[in-house]
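See below for the structure under consideration.
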Amino acid sequence: QVQLVESGGGLVQPGGSLRLSCAASGIIFSIYTMGWYRQVPGKQRELVAAISSHDTTHYTDSVKGRFTISRDNAKNTVYLQMNNLKPEDTAVYYCNAKAVVIGTGDYWGQGTQVSVSS
């Protein structure tokens, strides 16, 4: 039984910061690629950031330089540090764990709301 539990969302003003956490259980965390996705009403789910088992990172262009993804394998946790938040960052953010071998594991958290507004 696999669980991904996100935390850290909330309401912040433009220019503010949030740190999202995703705690994983039921997987060999260190061998999974971890990612953060976001989704707003009327739009497809979007990959925001990802980090591989060997710490290679990827960011979508709109967050590059503002967001940082990291992982702590000892804690089975992936983080998304979000700085200089903008209203267009408002979305439900989802944690994802994906096995390198396709078909052996692809799991999602329940999502956490991030709202950026004055």
Side-chain angles (χ1 to χ4, degrees):
Q1 152 256 347
V2 177
Q3 285 191 304
L4 304 177
V5 181
E6 300 102 330
S7 61
L11 174 64
V12 295
Q13 295 185 81
S17 296
L18 284 173
R19 188 194 192 200
L20 305 184
S21 299
C22 171
S25 60
I27 59 170
I28 306 174
F29 180 83
S30 61
I31 67 173
Y32 275 71
T33 294
M34 302 299 299
W36 288 97
Y37 292 71
R38 65 188 180 189
Q39 189 166 29
V40 299
K43 292 197 65 181
Q44 293 184 320
R45 191 170 297 183
E46 171 192 32
L47 175 64
V48 177
I51 183 166
S52 75
S53 61
H54 49 277
D55 290 335
T56 299
T57 58
H58 166 84
Y59 301 92
T60 193
D61 286 345
S62 63
V63 310
K64 205 159 193 174
R66 300 188 296 121
F67 291 10
T68 303
I69 189 170
S70 61
R71 66 193 297 158
D72 186 340
N73 289 341
K75 295 182 178 180
N76 284 5
T77 301
V78 63
Y79 305 94
L80 186 67
Q81 178 67 47
M82 304 185 294
N83 297 327
N84 191 23
L85 282 159
K86 303 176 179 181
E88 51 263 46
D89 296 318
T90 296
V92 177
Y93 283 70
Y94 297 91
C95 180
N96 172 257
K98 191 183 304 293
V100 172
V101 178
I102 298 172
T104 62
D106 194 352
Y107 306 102
W108 294 90
Q110 81 288 348
T112 186
Q113 177 71 49
V114 171
S115 298
V116 185
S117 175
S118 298

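Please read all numbers here as calculations on a predicted model, not as lab measurements.
- Distance CG/Asn76 to CD/Gln3: 12.5 Å, rounded to 0.5 Å.
- Met34 contributes atom CE, which lies 14.5 Å from atom OG1 of Thr57 (distance to the nearest 0.5 angstrom).
- Judged by distance alone, with hydrogens and angles left aside, the side-chain atoms of Thr104 form no donor-acceptor pair with the main-chain N or O of Ile102 at under 3.5 Å.
- Every residue two or more places apart in sequence or in another chain was checked for a side-chain hydrogen bond (donor to acceptor under 3.5 Å, both in side chains) with Thr60, and none qualifies.
- Arg38 meets the salt bridge (charged side-chain N to carboxylate O under 4.0 Å, His left out) test with Glu46, Asp89; sequence neighbours excluded.
- Between Glu6 and Gln110, the side chains place a donor N or O and an acceptor N or O closer than 3.5 Å (distance only, hydrogens not considered).
- Side chain to side chain, Ser115 and Gln113 meet the donor-acceptor criterion of an N or O pair below 3.5 Å.
- Using modelled atom types, one side-chain atom of Asn96 and one backbone atom of Tyr107 make a donor-acceptor pair closer than 3.5 Å.
- Checked against a 6.0 Å centroid threshold, the rings of Tyr37 and Trp108 count as neighbours.
- Judged as a side-chain hydrogen bond (donor to acceptor under 3.5 Å, both in side chains), and not counting sequence neighbours, the contacts of Ser17 are Asn83.
- In terms of modelled atom types and a separation under 3.5 Å, the side chain of Tyr59 and the main chain of Ile69 share a donor-acceptor contact.
- For the pair Tyr93 and Leu20, the tightest heavy-atom approach, listed with the atom from each and the gap, is CB-CD1, 3.7 Å.
- At least one test fails for Arg71 against the ring of Tyr79: distance under 6.0 Å to the centre or angle within 45° of the axis.
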